[in-house]
Amino acid sequence: MAGLWRSYQALMTRHPWSVQILTAGTNTHCLQIHNLSTSYTKVSIIAIHALVSKTETLPFYYPRIYVKYYYIDQSVLLSSLVGAGDVISQQLIERRGLANHSGRRTARMMAIGFCFVGPVIGGWYKVLDRLVIGGSKSAAMKKMLVDQLAFAPCFLGVFLGLSGALNGLTMEQNAAKLRRDYPDALISNYYLWPPVQIANFYFVPLHHRLAVVQIVALTWNSYLSWKANQM
């Protein structure tokens, strides 16, 4: 069984996109390898290997398209999630009701997600993976510290400042808003993100990290939208 697991890991290392797409939604996914019989798993790994070998010869298949359009993909994802966060903020936190929902505000937040949040965070994870190499516990801790001490404070300040500018605040008003809201937002960030990021860097492959972050960030985006639009 250990040998089969090593075979699966080798396939994941060489062809991560193909293996995950081919095994998505089926019992051949070897993260559940301990629940499968040895013979069934062996056949599954052989089948996966054959399918991966074939798909690698195709000129256009999803993993290559995903890599080619990585930043567009992340921008669309982040735009949708930031927009969803704003809808949650308006309806559940501020309790505006559908009649008083500001579609213009949601559109502004989605624009920030598409033009700023998606490209910046997507690019940052690539840079961080080159800065701190490895998947050990110590490497995960280093990545979390670099992310939270170097990136998060800058990102949060720019996000709040950009939101204020798009809301029509003057430089003086925006600066006053940052002085008022930034410390609370940064403290809230440190309550939530360090444990999430340690788990993310230690357990999750690079190409899934942004998705994991944004599942958690749906709640965080709701808070940020509320904070960013407090006048």
Side-chain angles (χ1 to χ4, degrees), residues 74-75 77-94 105 108-110 112-167 169 173-231:
Q74 301 310 320
S75 293
L77 172 65
L78 267 294
S79 177
S80 301
L81 288 167
V82 172
D86 183 69
V87 171
I88 292 171
S89 173
Q90 292 194 51
Q91 297 304 316
L92 298 184
I93 299 176
E94 302 166 44
R105 175 179 134 179
R108 280 198 304 266
M109 298 306 294
M110 291 182 71
I112 293 173
F114 185 85
C115 299
F116 172 68
V117 181
V120 170
I121 293 184
W124 167 245
Y125 282 136
K126 286 191 170 186
V127 170
L128 189 57
D129 223 51
R130 294 190 185 101
L131 290 175
V132 183
I133 299 171
S136 65
K137 291 180 181 178
S138 62
M141 179 63 73
K142 289 176 184 176
K143 287 178 180 178
M144 185 278 293
L145 289 173
V146 173
D147 180 68
Q148 290 300 306
L149 296 178
F151 176 75
C154 300
F155 173 81
L156 195 55
V158 174
F159 178 88
L160 291 174
L162 186 58
S163 299
L166 290 179
N167 278 324
L169 298 182
Q173 291 171 330
N174 214 354
K177 187 177 185 304
L178 279 172
R179 285 193 296 270
R180 184 192 72 192
D181 292 341
Y182 180 76
D184 287 343
L186 189 60
I187 291 170
S188 299
N189 169 83
Y190 286 140
Y191 276 124
L192 175 65
W193 285 112
V196 171
Q197 292 294 51
I198 289 176
N200 198 27
F201 292 134
Y202 187 62
F203 294 111
V204 181
L206 172 63
H207 45 281
H208 289 323
R209 282 181 198 155
L210 192 59
V212 170
V213 164
Q214 291 310 315
I215 290 171
V216 179
L218 192 56
T219 301
W220 176 246
N221 288 338
S222 303
Y223 167 80
L224 273 188
S225 180
W226 169 71
K227 204 71 172 172
N229 289 282
Q230 277 187 316
M231 297 300 151

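The model shown is predicted, which means the values in this text are computed figures rather than measured ones.
Sorted by first and then second residue, the salt bridge (charged side-chain N to carboxylate O under 4.0 Å, His left out) pairs involving residues 84-94 (not counting sequence neighbours) are Asp86-Arg105, Glu94-Arg96, Glu94-Arg105.
Under the 3.5 Å distance criterion, the side-chain polar atoms of Tyr182 are matched with a main-chain donor or acceptor of Pro153. Of the possible donor and acceptor atoms, one in the side chain of Lys177 sits under 3.5 Å from a partner among the backbone N and O of Ala228. Using modelled atom types, no side-chain atom of Asn200 and backbone atom of Val196 make a donor-acceptor pair closer than 3.5 Å. Using modelled atom types, no side-chain atom of Ser89 and backbone atom of Gly85 make a donor-acceptor pair closer than 3.5 Å.
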Set out, in order, the CA-CA distance, both residues' side-chain angles and the distance that settles side chain to side chain contact (heavy atoms under 4.5 Å, CB included) for Leu192 and Tyr223, then state yes or no. CA-CA 12 Å; Leu192 175 65; Tyr223 167 80; over 6 Å; no
Dump the intermediate steps for side chain to side chain contact (heavy atoms under 4.5 Å, CB included) on Asp184 and Lys227, then the final yes or no. CA-CA 9 Å; Asp184 287 343; Lys227 204 71 172 172; 3.7 Å; yes
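Summarising the geometry, atom CG belonging to Leu186 is positioned 4.5 Å from atom OH belonging to Tyr190; distances are rounded to the nearest 0.5 Å. Summarising the geometry, atom CG belonging to Leu178 is positioned 12.0 Å from atom CD belonging to Gln173; distances are rounded to the nearest 0.5 Å. The distance from the CD1 atom of Ile133 to the NZ atom of Lys142 is 10.5 Å, given to the nearest 0.5 Å. Between Leu160 atom CG and Arg180 atom CZ the span is 10.0 Å, to the nearest 0.5 Å. Taken from CG in Leu128 to CD1 in Ile121, the straight-line distance is 12.0 Å, to the nearest 0.5 Å. Separation of atoms CG (Leu162) and CD1 (Ile112) is listed at 4.5 Å; rounding is to 0.5 Å.
Ser222 is not listed as a side-chain neighbour of Leu92, based on a closest heavy-atom distance of 4.5 Å or more. In this structure, the side chains of Phe151 and Val146 stay at 4.5 Å or more apart for every pair of heavy atoms. The shortest side-chain heavy-atom distance between Ser163 and Asn229 does not fall under the 4.5 Å cut-off. Using a 4.5 Å cut-off on side-chain heavy atoms (C-beta onward), Leu224 and Leu156 make contact. Between Asp129 and Tyr125, the closest side-chain pair of non-hydrogen atoms is not below 4.5 Å.
Here Phe203 pairs with Ala199 under the side-chain contact (heavy atoms from CB on, under 4.5 Å) rule; sequence neighbours left out. A search for side-chain contact (heavy atoms from CB on, under 4.5 Å) contacts involving Arg179 returns Ala175, Ala176, not counting sequence neighbours. With sequence neighbours left out, the side chain to side chain donor-acceptor pair (under 3.5 Å) criterion links Trp124 to Asp147. Qualifying side-chain contact (heavy atoms from CB on, under 4.5 Å) partners for Ala152, counting only residues two or more places apart in sequence or in other chains: Gln148, Asn189. Checked against side-chain contact (heavy atoms from CB on, under 4.5 Å), Phe114 has the following partners two or more places apart in sequence or in another chain: Ser75, Val76, Ser79.
Summarising the geometry of Val82 relative to Gly113, their closest heavy-atom pair is CG2-CA, 4.1 Å, with the distance given to 0.1 Å. Between Gly83 and Met110, the shortest heavy-atom contact is CA-CG, 3.4 Å.
Close placement of the Phe116 and Phe155 rings is indicated, their centers lying within 6.0 Å of each other.
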